[in-house]
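Notes for the one structure printed next.
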Number of protein chains: 2
Amino acid sequence: MSKYIDIANDLKKKIQAGTYAPGEPLPGQKNLADEYKTSRMTIQKSLSLLKAEGYLYSQQGSATYVKNNIDSLANLDIGVDQYVGISKLMEGKHKVTSKVLKFEIRYPEETERDKLSLGPTDAVYDILRLRLVDQAPYSIEHTIMPISIIPGLSDDILSKSVYHYIQESLGLEVGGAYRQFSAKKSSEDDIKFLGNESTDPVLVITNVVYLENGTPFEYSIVDQKYDKGRFGIFVPSQGKF
Amino acid sequence: MSKYIDIANDLKKKIQAGTYAPGEPLPGQKNLADEYKTSRMTIQKSLSLLKAEGYLYSQQGSATYVKNNIDSLANLDIGVDQYVGISKLMEGKHKVTSKVLKFEIRYPEETERDKLSLGPTDAVYDILRLRLVDQAPYSIEHTIMPISIIPGLSDDILSKSVYHYIQESLGLEVGGAYRQFSAKKSSEDDIKFLGNESTDPVLVITNVVYLENGTPFEYSIVDQKYDKGRFGIFVPSQGKF
DNA sequence: TAGTGGTCTAGACCACGAT
DNA sequence: TCGTGGTCTAGACCACTAA
């Protein structure tokens with residue numbers, strides 16, 4: 001990894017360990033540059049990462065401080081900036097399993113062609129999965145992926161972690177995701193598979209996930225039980241990096 | 001403004017105008033540096049802003065390209081990265097009005113003290129507003145703000161834009177916001193003020209908004225009609241700036 | 001191999017806060 | 001005024017892609 005990412009991770013560790021306490025100033029860019037044997041520019045790049053994540057804030061003329069309410073971040077069930085799928089999110093804490101309800105190959109519909117930048121003859125996987133956390137229904141994930149980008153997908157991979165397969169076996173890197181949030185009433189499937197009452201609301205997360213090279217490779221619609229995890233994110237003010 | 005922000009805005013304009021078309025490469029950092037009479041480092045800082053917003057992606061060894069599906073961004077009703085309140089969001093397109101349902105001053109409860117880093121004797125505003133877009137009920141916003149940070153709040157300001165008051169009259173800058181999304185069933189207030197049926201779901205957005213200096217100044221819970229706007233955001237992969 | 005973007009440097013100057 | 005963070009520079013080297 002690059003030096004500035006290493007330093008950012010080290011600083012984050014120290015913040016979480018309490019070496020740099022909430023409300024307290026960091027040693028100062030000059031000092032940090034000396035400590036890590038690097039330049040101020042590199043330190044600033046490290047700090048900018050932690051600012052974007054909401055750990056730090058800088059005050060010109062004064063210092064860079066650790067934010068007071070980092071507990072808000074820790075109290076999170078799921079961060080929006082996690083695009084790795086729940087398998088990895090829940091790692092250690094909970095047992096995540098998946099039941100594949102549908103796994104087909106077909107040609108894409110118009111919305112899917114639009115979201116994934118595909119032509120009418122570029123076949124896609126059409127996948128419906130029930131995700132369970134600690135054996136209890138958690139969400140229904142409807143996923144569309146182009147087979148040209150993610151070849152060799154199998155039932156076995158689907159019930160484990162698709163992201164692990166993409167990164168480890170295919171050697172692809174995820175570049176980012178575009179997410180939308182909305183609410184709706186329970187559908188037939190929500191009632192059938194999530195065990196919802198017909199009056200239960202559902203949190204809907206619509207995703208378009210991109211590879212590092214800008215290619216969209218996943219269009220998914222997730223129906224999540226409303227009384228389970230919340231999605232949270234820190235949104236830095238524009239241009240403050 | 002700084003040079004790198006000016007350049008980023010100029011590039012964004014050219015992308016939106018089609019000067020740099022989707023899928024096409026940008027002129028290259030060296031050329032851009034010459035064109036804008038600046039250094040490569042500064043150009044990279046500009047590009048990083050647009051990458052974080054999802055407009056561009058770079059491929060090492062090749063070039064920096066305009067993303068294909070910028071329409072996804074344009075189709076958005078509301079961006080999560082907008083912390084400016086709906087008054088400004090809907091500017092021009094729709095008429096936003098507010099009806100103040102409650103406006104009190106009291107001492108903060110424990111959750112509020114926690115979220116806003118306050119002591120038990122730091123008084124807060126307790127505000128309940130019904131937001132209407134084009135005369136139709138849109139959301140109910142329950143807002144808690146410390147009077148010490150935002151003094152002089154009035155009924156008149158509340159029915160217009162609080163953010164405008166904070167920035168223009170108080171001279172404060174917003175640094176970022178922490179947001180959580182969830183869904184719930186309609187409450188009594190949702191039925192009464194939003195005109196919901198008792199079976200209608202509600203999209204709930206919980207916010208903690210920070211000033212540039214890291215001070216939290218707003219804790220708000222927004223109940224939004226589920227059939228109205230969606231919230232969307234582009235989430236870049238960690239460390240890619 | 002040539003040209004691209006990614007990282008890093010060692011300095012400079014400025015804006016701002018604390019004193 | 002002094003020290004902080006914010007911006008910017010002109011170059012360097014590396015990793016990678018494309019020809």
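Naming: A, B, ... by sequence-line order, numbering from 1 per chain.
One interatomic measurement links the two molecules: CD of A:E212 to C1' of D:dT17, which rounds to 14 Å at whole-angstrom precision. Atom CE in A:M1 sits about 17 Å away from atom C1' in C:dC8, given to the nearest Å. Rounded to whole Å, atom C1' of C:dG6 lies 16 Å from atom OH of B:Y65. Residue B:K3 contributes atom NZ, which lies 13 Å from atom C1' of C:dC14 at whole-angstrom precision. Rounded to an integer number of Å, the gap from CD of A:Q59 to P of D:dG5 is 11 Å. Going from atom CD of B:E173 over to atom P of C:dA15 covers 17 Å, rounded to whole Å. One can place CD1 of B:I43 at 16 Å from C1' of D:dG11, the figure rounded to the nearest angstrom. Taking atom CD on B:Q44 and atom P on C:dG5, their separation rounds to 9 Å, with Å as the unit.
The phosphate of C:dT9 has OP1 or OP2 within less than 4.0 Å of a side-chain N or O from A:T38. A sub-4.0 Å separation between OP1 or OP2 of C:dG3 and a side-chain N or O of B:Q29 is absent. The shortest distance between the side-chain N/O atoms of B:Y4 and the OP1/OP2 oxygens of D:dC8 is not below 4.0 Å. One finds a side-chain N or O of A:K51 lying less than 4.0 angstrom from the OP1 or OP2 phosphate oxygen of D:dG6. At the phosphate of D:dT7, OP1 or OP2 sits under 4.0 Å from a side-chain N or O atom of B:S2. For C:dG17, the OP1/OP2 oxygens have no side-chain nitrogen or oxygen of A:S62 closer than 4.0 Å. For C:dT7, the OP1/OP2 oxygens have a side-chain nitrogen or oxygen of A:K45 closer than 4.0 Å.
Between A:E218 and A:R179 there is no salt bridge, since no side-chain N of the basic residue sits under 4.0 Å from a carboxylate O of the acidic one.
The two residues A:S148 and A:P151 have their closest heavy-atom pair at O-CD, 4.1 Å. The two residues A:R129 and A:L158 have their closest heavy-atom pair at NH1-O, 2.6 Å.
Which of D:dT4, C:dT9, C:dC13 sits closest to the side chain of A:M41 comes down to C:dT9. Taking every side-chain heavy atom of A:Q60 into account, C:dC16 is the closest of D:dT9, C:dC16, C:dT9. Residue B:T42 places its side chain closer to D:dT9 than to any other of C:dC8, D:dG6, D:dT9. In the set D:dA12, D:dT9, D:dG5, the nucleotide with an atom closest to the side chain of A:T64 is D:dG5.
Ring pair B:Y125/B:F103 is tilted by interplanar angle, where 30° to 60° counts as tilted.
Judged by the 6.0 Å and 45° rule, B:K67 forms no cation-pi pair with B:Y55.
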